[in-house]
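Accompanying notes for the structure given below.
Quick note on labels: first sequence line is chain A, next is B, and so on, each numbered from 1.
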2 protein chains.
Amino acid sequence: MTAIQLRLDLNKNLFLRDPQNTELGKRIVGEGTQLISEIGFEGFTFKKLSERISSTEASIYRYFENKHRLLVYLIARYWAWIEFKIDYETNNLIVPQEKLEAALRVITHRAQADITFPEIDEGALQKIVIAETDKIYLTKQVDQDNQVGLFKGYKSICKKISDIMLEINPGFKYSRALSSTLLEASHQQIFFSQHLKSLTEIDANGDPFQQNYEFMKTLLSNALNAEA
Amino acid sequence: MTAIQLRLDLNKNLFLRDPQNTELGKRIVGEGTQLISEIGFEGFTFKKLSERISSTEASIYRYFENKHRLLVYLIARYWAWIEFKIDYETNNLIVPQEKLEAALRVITHRAQADITFPEIDEGALQKIVIAETDKIYLTKQVDQDNQVGLFKGYKSICKKISDIMLEINPGFKYSRALSSTLLEASHQQIFFSQHLKSLTEIDANGDPFQQNYEFMKTLLSNALNAEA
DNA sequence: CTTTGGTTAATAGTAATACTATCATATACG
DNA sequence: CGTATATGATAGTATTACTATTAACCAAAG
């Protein structure tokens, strides 16, 4: 795959001012990704980021309402990127089993800078997704955030995979549930392999992304075939 | 089942002073559970709790290092409670399939005050587990916390279920991974049914706990039988 | 060439949070 | 009775997550 660059149209509620439009915006997003992946979201502040990009807190606040929104924005970009890759990889495939395998490969594999954003380090972004994704919806404002469309990208991928499952087995009753379970497992199992090793056979010293793919493929094909 | 009361020996690192030993300790834990389930963990502070129990911040800090530790403590109690119930329900069962079903029922079902803690509202505690569990390990200190045994209870349940799976199918390669995936799904799917409905078929207006049980049972039996 | 609009920097300030420290009082226990 | 322990009362601190104001800069429009 040739390296191409992406520019996304994301939900307008994800930001106050589109960071893709300005130099400062790109630095906020690019260095923000690095900083969060380095020190973790809890320790991250706009103050620290402003020092890193030689700007000010107030300037960052003009792009994002607060640090939570920045996190949601970054992760939305990740899922938009994943969705694009699923479309790309499944394009022209006819056999639904092949489509599903291709999609599964995309959601489980290590981030690679094939299709990329100009200013974002995809490896760092994937690290954020692994460690912080669940925090975007595990909040009191989840319903409001959901209502203004902040989670559209994630839901869209879930539906996409669910639809492929239904092509394979139209009678399967839990395609959405299985799809979201797999999406969650795609980062959770990697996290466990790094930090809570007894919770998984996946081994961070081997090729955890590949192992996770195999685990999930096993789960999937059995679940779908059995009910056929 | 007759109502019985539990007193647990939890890891000493979960608290500074054992809250089960004193009146104040029990109020911290009991009212803390209520308050977190009401306002969410982010909005929760020791200040607010101290007002609610007519005590002081400083007194609460004598029991728990910080609010994160209190959350870890509460959730550890939940999983210890679940583990006890699994042991109780699987006791004397011989057929591993039956054991697995019984365990699955325990981890998926709505909290009931059958086997109980004196001061804790199990319904509120389960609400906390559904909304906050992942926050106990999605932190920068996860490795240190893990090292001092804060997550022992969760890991123990994961192993227990995994072992039953291996009784059914000794050749299954992903028993730990599947077990942790199901444990995570046991609260995640309920959360989705309440807040991000398009991510699951489980319907919060029906009997979501029962539906979740059926979803997970489907997953499980297919995964285990296929590889037999 | 000047005005204007838009972007950013600089600075200051605030309420709340997450603690820590100190001291006095109550109570319990041996 | 004396002493250890638990709690309460109070105060204080560094940091966080913002908000507000003003001034400087720059590009395009008139």
Partners passing side chain to side chain contact (heavy atoms under 4.5 Å, CB included) against A:Lys160 (at least two apart in sequence or in another chain): A:Glu83, A:Ile86, A:Asp87
Span of DNA chain D, from the first to the last nucleotide whose atoms fall under 4.0 Å of chain A heavy atoms: D:dA17 to D:dA20
Measure all distances between protein nitrogen or oxygen atoms and nitrogen or oxygen atoms of nucleotides 5-7 of chain C, and list the pairs falling under 3.5 Å.
residue : atom : partner : partner atom : Å
C:dT7   : OP2  : A:Arg17 : NH1          : 3.0
C:dT7   : O5'  : A:Arg17 : NH1          : 3.2

Whole-Å gap separating P (C:dT20) and CZ (B:Phe46): 11 Å
Pair A:Phe191-A:His187, ring-ring contact (aromatic ring centres under 6.0 Å, His included): steps then yes or no: CA-CA 6 Å; A:Phe191 185 88; A:His187 52 259; 9.4 Å; no
Sugar-phosphate, base or nothing in reach of A:Tyr61, heavy atoms under 4.0 Å: base
Residue-phosphate contact under 4.0 Å: A:Ser55 side-chain N/O, C:dA9 OP1/OP2: yes
Residues in side chain to side chain contact (heavy atoms under 4.5 Å, CB included) contact with B:Lys47, at least two apart in sequence or another chain: B:Thr45, B:Glu51, B:Glu57
Side chain to side chain contact (heavy atoms under 4.5 Å, CB included) partners of A:Arg62, counting only residues at least two apart: A:Arg17, A:Ser59
Base-contact (B) and sugar-phosphate-only (S) positions in nucleotides 11-16 of chain C, heavy-atom cut-off under 4.0 Å, - elsewhere: ------
Inter- and intrachain pairs under ring pair (Phe, Tyr, Trp, His ring centres under 6.0 Å), touching residues 26-47 of chain B, at least two apart: B:Phe46-B:Tyr61
Partner set under salt bridge (charged side-chain N to carboxylate O under 4.0 Å, His left out) for B:Glu31, not counting sequence neighbours: B:Arg52
Non-neighbouring partners of B:Glu119 that pass salt bridge (charged side-chain N to carboxylate O under 4.0 Å, His left out), sequence neighbours left out: B:Arg77
B:Gln112 atom CD: more than 12 heavy-atom contacts under 6.0 Å: no
Interatomic distance, A:Ile53 CD1 vs C:dA10 P [rounded to whole Å]: 12 Å
All pairs passing ring pair (Phe, Tyr, Trp, His ring centres under 6.0 Å) where residues 139-161 of chain A contributes a residue, at least two apart: A:Trp79-A:Tyr154
Sugar-phosphate, base or nothing in reach of A:Lys67, heavy atoms under 4.0 Å: sugar-phosphate
Partners passing salt bridge (charged side-chain N to carboxylate O under 4.0 Å, His left out) against B:Asp121 (at least two apart in sequence or in another chain): none
Nucleotide C:dA28, atom C1' - distance to CD of B:Glu23 in whole Å: 15 Å
Salt bridge (charged side-chain N to carboxylate O under 4.0 Å, His left out) against B:Arg27, all qualifying residues, sequence neighbours excluded: none
Integer-rounded Å distance: C:dA18 P and B:Gln141 CD: 14 Å
Distance in angstrom units between B:Leu49 CG and C:dT17 P, rounded: 14 Å
Nearest-Å distance for atom pair CG/C1', residues A:Asn21 and C:dT8: 16 Å
Whole angstrom value for the distance that separates C1' of C:dT17 from CZ of B:Phe41: 13 Å
